[in-house]
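Below, read A as the first sequence line, B as the second, and so on, with proteins coming before strands; counting in each chain starts at 1. As the structure is a prediction and not an experimental result, all values here were calculated from the model.
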There are 2 protein chains.
Amino acid sequence: MSTTDETRAARPAGRPRSARAEQAIIDATLDLLGEGMNIAELSIEAIAARAGVGKTTIYRRWANKEDLCVDALARLKSPLPELRGESVREDLVAYLEVVVRDSCDARRRCVMSIVMNDAERHPRLVARVRQALIEPRREVLAAVLRRGTATGELRADLDVPVAMAALIGTVTWYMRDAGPDGTTESPAGIAERIVDQLLAGLAPAA
Amino acid sequence: MSTTDETRAARPAGRPRSARAEQAIIDATLDLLGEGMNIAELSIEAIAARAGVGKTTIYRRWANKEDLCVDALARLKSPLPELRGESVREDLVAYLEVVVRDSCDARRRCVMSIVMNDAERHPRLVARVRQALIEPRREVLAAVLRRGTATGELRADLDVPVAMAALIGTVTWYMRDAGPDGTTESPAGIAERIVDQLLAGLAPAA
DNA sequence: CCGATACGCAACTGTTTCGTTTCGTATTTA
DNA sequence: TAAATACGAAACGAAACAGTTGCGTATCGG
């Protein structure tokens, strides 16, 4: 066992890499991406400058921009929505409230726009984000919908893929031209309004 | 009156500008944007090469990249959806079918991503696209929804902004991870399925 | 024909930014 | 202390691009 907390084998001798520098690099990367930068526009120089670090320190750790971004984006993992599981309506509202909150976070919005735009240019990176951030959430929502059709809280013949698109797409689109940043208001209760209108339908009560 | 079809004043004498070159430049610009290029990444050199044109020919016509893009994007105007106006449901299906068709067009998808990403960097350009392409369509949809609440085909207390987000957001989100390009299928009748499920609601018939 | 203008092409200058290398210093193990 | 490695700063050569100019040719009006 070494003198420090390093339990793995022998330390390779020489000055160890600074964990602070590493964190600063990751933070700077996410900052810049969060300010609307492309992967293409993102430059190692800008990251180094923002992090207060020499370019060498970055190149020593990552072979290229994409590797760095993959590592950086993996840190964005946000907790899954906490669902109480008592009523489907309540769970859907809670779920959409998380989506609303996320849509006000510049970092997350920029990450989503990268996922949508650069899928062809950076398939590895986008695949990792999808698998780490998006898929788990989709699965949570799908489970709520399936439960709803089983308990009778949702119609038995529900088209689940369409319903998922309806819930997420509606709130995303609404936030797009309502509160670009959260600058305006994220109208309290928007999640509830959307869920209730989607549950009840646009047509009159028949 | 000149010898040609030019009815405006005297022609300025000298070889007239080639309409073919102009069209080729516009096409090349839209091509490159349609391949996923940013405004920032788009280079005059690339446009000239793609169009089979000298850079001079471009600089003679437009002072800068943004001016060129503004002109190019203005050519994307697509006809408004043809609505028969007999039933609201039928009109909504027709409207969404246009959205589905557009979402399979690479050019349009890239233009939308520019509108979403570069709003701050190119406000003039984005404002023009919004006003020329987006607003007219939104107004058509809003009119259908208002008509529906008046005729009783839609619930009287309909939240119109939410309903618009639901219709457009659902189809957009669905197409996003179903048929990225139209490569797969744009499942026939998806517009109809979405409209019917949104009209009826996710909850059982009560 | 002549003058004027547009055309495509190639060359040029100046700027930016990239990824790499070099250098002097700091920190760790042996 | 000596060897090894990391650090930040600076400089370097290569590449891409902007915007301009010159050249030979093409197309217009008169």
Side-chain angles (χ1 to χ4, degrees), chain A residues 1-29 32-33 35-69 71 121-122, chain B residues 1-29 32-33 35-72 121-122:
Chain A
M1 196 77 69
S2 318
T3 56
T4 69
D5 55 352
E6 192 58 46
T7 177
R8 305 191 34 220
R11 195 185 299 184
R15 178 176 175 176
R17 294 193 180 164
S18 158
R20 270 181 63 256
E22 190 143 335
Q23 188 59 47
I25 294 166
I26 300 269
D27 286 345
T29 305
L32 292 171
L33 288 176
E35 289 168 10
M37 274 196 176
N38 233 337
I39 303 280
E41 293 158 353
L42 189 64
S43 78
I44 300 286
E45 296 217 342
I47 296 172
R50 174 72 64 104
V53 145
K55 283 194 287 180
T56 354
T57 306
I58 299 182
Y59 284 116
R60 192 175 293 118
R61 288 169 164 76
W62 293 277
N64 54 57
K65 222 174 3 181
E66 187 167 326
D67 284 354
L68 168 55
C69 289
D71 277 10
R121 263 178 293 189
H122 304 280
Chain B
M1 194 80 68
S2 316
T3 55
T4 69
D5 55 353
E6 192 60 46
T7 174
R8 306 189 33 220
R11 194 187 298 186
R15 178 174 174 178
R17 294 193 180 164
S18 159
R20 271 181 62 257
E22 189 143 337
Q23 189 59 46
I25 294 166
I26 300 269
D27 285 344
T29 305
L32 292 172
L33 288 177
E35 289 169 10
M37 274 197 176
N38 232 339
I39 303 279
E41 292 158 354
L42 190 64
S43 79
I44 300 286
E45 295 217 342
I47 296 172
R50 174 71 64 105
V53 145
K55 282 195 287 179
T56 5
T57 306
I58 298 182
Y59 283 114
R60 195 175 291 119
R61 287 169 165 78
W62 292 278
N64 54 58
K65 222 177 357 184
E66 188 166 327
D67 285 353
L68 168 55
C69 289
V70 167
D71 278 10
R121 263 177 292 191
H122 303 279

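Per the geometry, CD belonging to A:E41 stands 16 Å off C1' belonging to D:dA16, to the nearest Å. In this structure, CD1 of B:I39 is placed 13 Å from P of D:dA18, rounded to the nearest angstrom. Between A:K65 atom NZ and C:dT20 atom P there is a gap of 13 Å when expressed in whole angstrom units. At whole-Å resolution of the value, CD1 in B:I58 and P in D:dA18 are 9 Å apart. At whole-Å resolution of the value, CD1 in B:I44 and C1' in C:dG8 are 16 Å apart. The interatomic distance linking A:I47 (CD1) with C:dT17 (C1') rounds to 13 Å, in whole Å. Per the geometry, CD belonging to B:E45 stands 5 Å off C1' belonging to D:dC17, to the nearest Å. Rounded to an integer number of Å, the gap from CG of A:N64 to P of C:dT20 is 10 Å.
Taking only side-chain nitrogens and oxygens, B:R60 comes nearer than 4.0 Å to OP1 or OP2 of C:dC7. The side chain of A:R61 places no N or O atom within less than 4.0 Å of a non-bridging phosphate oxygen (OP1 or OP2) of D:dT5.
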List the steps and the verdict of salt bridge (Lys or Arg N to Asp or Glu O under 4.0 Å) for A:E22 and A:R17.
-> CA-CA 8 Å; A:E22 190 143 335; A:R17 294 193 180 164; 5.9 Å; no
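When distances are taken from the side chain of A:Y59 to each of C:dC7, D:dG19, C:dG19, the shortest belongs to C:dG19.
B:I25 pairs in a side chain to side chain contact (heavy atoms under 4.5 Å, CB included) with only one of the listed residues (B:I44, B:I58, B:D71), which is B:I58.
The environment of CZ in A:R20 is sparse: at most 12 heavy-atom neighbours from other residues, nucleotides or ligands sit within 6.0 Å.
Judged by distance alone, with hydrogens and angles left aside, B:K55 brings no side-chain donor or acceptor close enough to the base of C:dG8 to form a pair under 3.5 Å. Evaluation of atom-type donor-acceptor distances gives no pair under 3.5 Å for the side chain of A:T56 against the base of D:dA6. The base of C:dA26 lies close enough to the side chain of A:R15 for a donor and an acceptor atom to sit less than 3.5 Å apart.
If you take CG on B:D67 and CH2 on B:W62, they are separated by 10.0 Å, rounding to the nearest 0.5 Å.
For the pair B:K65 (side chain) and B:S43 (backbone), a donor-acceptor distance under 3.5 Å is absent.
A:S18 comes within 4.0 angstrom of sugar-phosphate atoms only, judged by non-hydrogen atoms across all strands, and of no base.
DNA chain C is contacted by both A:G14 and B:G54; B:G54 maps to the nucleotide lying nearer its 5′ end (nearest heavy atom per residue).
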